[in-house]
Amino acid sequence: MNIQSQVYSIKEFCKAFGISEPTFYNWRKKGLAPKVMQVGGRTLIAIDAVNEWRRERENAA
């Protein structure tokens with residue numbers, strides 16, 4: 001199983017969803033971004049966290 005296909009870096013997430021990194025960090029401060037995890041020195045977002053975040057955003061709309 002390739003772990004890279006199951007996680008986004010912050011940069012990859014922002015590119016995939018068409019937002020800037022400052023927007024992501026602003027959302028994170030407000031509790032509106034997907035959950036992140038620290039792996040070594042990297043901050044990553046699991047695909048499961050992205051899917052949960054999308055469902056929450058859809059329900060909030």
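Closest approach of P34 and A49 over heavy atoms only: CB-O, 3.9 Å. The two residues V7 and E12 come nearest to each other via the heavy atoms O-OE1, 4.0 Å. A pairwise comparison of heavy atoms in S9 and L44 identifies CA-CD2, 4.1 Å as the closest pair.
The CE atom of M37 lies 9.5 Å from the CZ atom of R42; values are rounded to the nearest 0.5 Å. The structure places NZ of K35 at 13.0 Å from CZ of R28, a figure rounded to the nearest 0.5 Å. L32 contributes atom CG, which lies 11.5 Å from atom OG1 of T23 (distance to the nearest 0.5 angstrom).
Using a 4.5 Å cut-off on side-chain heavy atoms (C-beta onward), I45 and F24 make contact.
The 12-atom threshold is not exceeded at CZ of R54, counting heavy atoms of other residues, nucleotides or ligands nearer than 6.0 Å.
Aromatic ring centroids of W53 and F17 lie under 6.0 Å apart.
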**Asked** Taking it one step at a time, do N26 and K30 satisfy side chain to side chain contact (heavy atoms under 4.5 Å, CB included)?
**Response** CA-CA 6 Å; N26 186 30; K30 294 178 179 180; 3.6 Å; yes
